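Working notes, beginning with the structure itself.
Quick caveat, the model's predicted, so the values are computed rather than measured.
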Amino acid sequence: MNWDQIFSRLSVTGVTLLVAGCALCLYATRLVRFIFRDHGDRMVLPVRLIGLAVAVFGALVLLDFIPGL
């Protein structure tokens with residue numbers, strides 16, 4: 001396998017969105033408690049769902065379902 005050709009085909013936008021979405025899902029509790037001090041418990045699930053949507057969008061960009069990004 002030629003890894004240079006494989007990495008040259010990857011989209012920087014897709015990788016960035018995928019990593020950001022995964023980080024948002026994993027660290028949603030810490031992030032929400034940092035931003036919303038008092039009402040943080042109710043916002044964890046929506047933040048995780050947003051992170052999941054961002055990660056799925058990044059995966060679609062990486063798989064070339066959305067060309068040009």
- prompt: Which heavy atom in C25 sits nearest to a heavy atom in G51, and how many Å separate them?
  reply: SG-C, 3.4 Å

query: Linking I/L/V/M/F/W/Y whenever any side-chain heavy atoms sit under 4.5 Å apart, do Y27 and V32 land together?
result: no

message: Please determine whether residues I50 and V44 belong to a single hydrophobic cluster, defined as Ile, Leu, Val, Met, Phe, Trp and Tyr linked transitively by side-chain heavy-atom distances below 4.5 Å.
response: yes

task: Identify the heavy atoms of C22 and A55 that sit nearest to each other, and give their distance.
output: N-CB, 4.1 Å

- prompt: Can V15 be reached from W3 by stepping across I, L, V, M, F, W or Y side chains whose heavy atoms are under 4.5 Å apart?
  reply: yes

- request: Measure the OG1-CG distance between T13 and L18 for me, rounded to the nearest 0.5 Å.
  value: 12.5 Å

- request: Kindly work out whether a path of hydrophobic side-chain contacts (I/L/V/M/F/W/Y, heavy atoms less than 4.5 Å apart) joins V19 to L10.
  value: yes

- prompt: Do R48 and L24 have side-chain heavy atoms sitting under 4.5 Å apart?
  reply: no

task: Can you see which heavy atom on A28 is nearest to which on V47, and at what distance?
output: CB-CG1, 3.9 Å

Option among V61, D64, L63 that satisfies the side-chain contact (heavy atoms from CB on, under 4.5 Å) test with S11: V61

- prompt: Are L49 and V54 co-members of a hydrophobic cluster defined by side-chain heavy atoms under 4.5 Å apart?
  reply: no

- request: Report the distance from atom CG of L31 to atom CE of M43, rounding to the nearest 0.5 Å.
  value: 10.0 Å

